[in-house]
Amino acid sequence: MTETVTSLERLAQEAAQTATHGNTDPHGDEGERYTAVNSEKNRPLYASRIKVYPKLVHGTFRRLKWFVMVVTLAIYYVTPWLRWDRGPGLPDQAVLLDFPSRRFYFFFLEIWPQEFYYVTGLLILASLGLFLVTSVAGRVWCGYACPQTVWTDLFIHVERFIEGDRAKRIRLDKSPWSAGKLARKLAKHFVWLLIAVATGGAWVFYFADAPTLAGELLSFEAPAAAYLFIGLFTATTYTLGGIAREQVCIYMCPWPRIQGAMFDEDSLLVSYKEDRGETRGPHKKGTSWEGRGDCIDCGQCVAACPMGIDIRDGMQLECIQCALCIDACDEIMDRVERPRGLIAYDTFRNQERRRTGESPRLDIVRPRTILYAAALFLVITIMLVALANRSTLDVSVLADRNPLFVTLSDGSIRNGYQVKIVNKEHSARTYRISLEGLDGAILTRPALSGEDETIIAVEADKLANARFFVSLPPEHLDALSGGEADMAFVVTDIESGKIATRTTSFRGPKQ
Amino acid sequence: MSEKHKDEVTGVETTGHSWDGIRELNNPLPKWWIYTFYATCIWAAVYWVVMPAWPYLSLDGWTYTKGVIGYEQRDVVTGEIEAIAAGRADTMQKIATTPLPEIAADPGLMEVALGAGRAAFGDNCAPCHGSGAQGSKGFPNLNDDEWLWGGTLDDIHTTLQHGIRWDADDNTRFNIMMAYGRDGILSRAEVSDVAEYVLSLSGGSENADAVSRGADIFQSQCVACHGEAGKGNQELGAPDLTDAIWLYGGDKTDIVETVSNGRSGVMPAWGERLDEGTIKALTLYVYTLGGGQ
C-alpha cells in the first residue's frame, strides 16, 4: 500500500513538473509525463503525427471491450464457415455474396439483384440503429464495435505484448537502434502482418464457398481476384490498424463530424465531472480533500487514451468514447479512496443539475430517442412485410416492338412476346402458360422451340426466357378497334397451383 | 485581398480570405496527406510518359503522345474481338458442318446459332429487310408465313446461299414477272380487268363484269406460274395471290402497276460473302422469326 501511494505521488509530481516546466516534448524524457498530444492547445503546431502510446488499464469497460472484441472477431472469422442447407445444386454456405451468379444468401434469405432493396433496408436499419444508440449513449459504435476500433485495439495489444506497456514503448522508441529493438520491432510488424493476412483471408470467404476456396488458396489454385483482395485487405488492415490508428477516426471518418447532430444534453457521454474534479492538483495521502476537487492530476486518463486526448478538456471530435479513461480513473479513485466515477458516462444536463444543486437523473425516453426508435420500428415493419410477401414466382412480359405486329396469309394478326419466368423456389418447376382477356387469341411458340408449346420448365433458382406468339384470327379483329387490346399472360405453377398474371397489350392495324 | 488575420478562439492564423465573414483556419496539413498528394503527382507524371496522354498539333493535324508502352485502346478492342471469334471458331465450325435439323435439335448449338444469326442479320440483311425483319414494299417481311421461294430450312438456306436474280451466281433463284402492259402483251383495259380478278381472289373486288373478263385473261397468261387458283408456286417463286399478304401492295393501283411493269426484286447470293456457319445461323434465325415451315 505504501508503495502504491509512493508511485501515485510520483505520478502526480511528475505531471506537475511537466506543467510548470513547459517541456515541449509531449512524452517527456522517460514517458512518465502525460500530455494530451491531440488536445486543442497542442494541435495547431504540428504537421506530422505524434505517436500515441496508450497504457493498459483494468476494469469494467476494458473487460467489456475484450468481450466485444472476441465476439466481433469471432463473427467476422466464423460466419463464412457456417453451413445452411438449401437443397441440391445450391450453395450450402449460410452467408454468401455470390457475384458471378448474382445472388446474395443470408441464411433463409436469398436476394436476387432486383431485390437489392433488402440490402438498402438493412443499411437504413443500421444507420437508424446507430442514430438511436448514439442519442442514448454516444459513440458506442466508435468506442466498442467499429472494425477500426476493434482491430486497432488488437494491434495495440500485440504491440504491448511485444514491446511492453506505455513507458517501455516510449523508452524503446527513444533508445538507439540495437539488435533487441530491431527484433522487437520486426516481431511486432510480423504479427501485425499475420493478423492482416488473416483478416484479408477471411474477407474473401464471404464471396465463394469457404472450404473450397481455402483449399484452392493453399494450393495456389484460387482465382487471381482472391489473392488480389487478400493483398488489398492485408495492406489496409496493416496500415489502418497498425500505423494510421487514431488518424483514421480523426481525419478520414465522417462519423465524428455527423455525430454532433445525434447528441443532445441528455445523451450519456463519457465525460469528466468537472464539478467534482476541479480544482485539480496533486494530493498527498492523509491531507484533507476539503476545498479542492477529486482530480489528482495523475494523467492516467490521458495515458490510457488511444486517441491521445485529455477527456478533461470536455467533449471533442477526437474522442471515440471507448471509456478506457473511466477504467483508468476508477483505478486511481479506488487507490486514493474517493468514490468512483470522476470520469463516467454522464449527461450535459446532469452536470448542470449538480452545479445548481439538483439531483441528477436519466432521461432516456425523450422526443429524439422516441423518433429514432419509431423510425427504426417502422423500417423493421416494412422490411418484415416485404419479406413475408416475397414472391417466389416472378413473371415479366415484354411485347415485341419491331415489328409491332405481323399480318399472316390468312389475314390473322400476330404479336410476339418475350416472357421471363423467375423461379425462386429451391426446386425445379414447370409452368403452364395461358392467355386471358382476348377472345379467339391463339398462343403458339416459334418453330423449333420445344415439344409442348405452353409448358415451360424452369430449373431451381433460375430464370427462363421464352418467346411466344399470339395470333388473332380475322373474325376476332374487331377487338382491335383502337389498334390495341388488353390481355394477360397467366403463368401457373403446375405443382403448387400458384398463379402469376401479367397484363400486356395486343396490337394490330386500327379496325 | 489577403491580409494577416488570427482567429481569436483557436489562435490559428487564417488564410486571410473572408467569404461573407467566414474565414478558413490555416492549419498545417497532416504529413500523410501531403505524401499521398505527392505520390499522386508522381503517378500522374509517370502516367503521362507511359500511357497515351497529351494532345498536340503536328503537321498532319491533331495527334497525341503515344506513351512508351504503346498502349492503344483500339488494339485492345481488336484483340478482344479476335479472341471472341477464336473462342467461337469451334462452335461455328460445328454449325457449318452439322445438318440444319440436327443443329435445331441441339439447344446449346441452337443458342449460339440464333445469337450469331441475329448479329449477322443486323449486319447484312437489315438494310433491306429491316432490323426487325419486318420488310417493306418490295422487300419481304420475314416474320410472316408466306414464302415466295419456300419456308423450309433447306429452302431458306438455298435462297441465302444463292440469292435471287443474282447474275454472278449460276444457281441463283430466277423467274420473270413479265411487264404485260409495258411490253404490249395486254392492253390497259385488259390489265385493269386482270387486276380486278386478282383482287377478287382475296375477296377485294366489286366489279363482277371486270372480274369475269379478267378471269379469262388470267387463265391464258398467269396460271403457268401462279396456278389455276392463283395459289402461286414456290418452285417458281410465284406468290400466292389469294392471301392477305402483298409484297408490292394490294390496292388496285399497285396490282395494275405490277401487272403492267413486272417485278424483279434482287437479293444477293450471300454464299459469296459469308461463310457456311454464318449462313446456317442466318437460316435458323430467319426460320424462327415466325414463318418457318
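Residue numbers begin at 1 in each chain, while the letters A, B, ... track the order of the sequences.
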I'd like to know whether CG of B:Asp7 has more than 12 heavy-atom contacts from other residues, nucleotides or ligands below 6.0 angstrom. yes
Inspect the surroundings of CD in B:Glu235 and state if more than 12 heavy atoms from other residues, nucleotides or ligands are less than 6.0 Å away. no
Would you check if there is a donor-acceptor pair between the side chains of A:Asn402 and B:Ser131 at a distance under 3.5 Å? yes
Check whether more than 12 heavy atoms from other residues, nucleotides or ligands sit under 6.0 Å from atom CZ of A:Phe348, and answer yes or no. no
For B:Asp145 and A:Leu408, indicate whether the former's side chain and the latter's backbone hold a donor-acceptor pair under 3.5 Å. no
Could you have a look at B:Asn143, B:Thr242, B:Asp243 and say which one has the most heavy-atom pairs with chain A under 4.5 angstrom? B:Asn143
Out of curiosity, A:Met252 CE to B:Trp33 CH2, how far, rounded to the nearest 0.5 Å? 12.5 Å
Highest number of heavy-atom pairs under 4.5 Å with chain A among B:Ile34, B:Ile245, B:Leu284, B:Asn141 belongs to B:Ile245
Contact between A:Ser409 and B:Asp240 at the side-chain level, heavy atoms closer than 4.5 Å - yes or no? no
If you take all heavy atoms of B:Gly132 and A:Pro403, which pair is closest and at what distance? O-CD, 3.4 Å
Contacting region of B:Leu289 [heavy-atom separation from chain A under 4.5 Å]: backbone
So does A:Lys420 have more than 12 non-hydrogen atoms from other groups sitting under 6.0 Å from NZ? no
Measure the spacing between CG of B:Asp144 and OG1 of A:Thr407 and express it to the nearest 0.5 Å. 8.0 Å
Under 6.0 Å from the CZ atom of B:Arg263, do we count more than 12 heavy atoms belonging to anything else shown? yes
Would you find more than 12 non-hydrogen atoms of other residues, nucleotides or ligands less than 6.0 Å from B:Tyr47 atom OH? no
Expected output: side-chain A:Arg467 to main-chain B:Thr288 donor-acceptor under 3.5 Å: no
Using a 6.0 Å cut-off, check whether atom NZ of A:Lys185 has over 12 heavy atoms from anything other than its own residue. yes
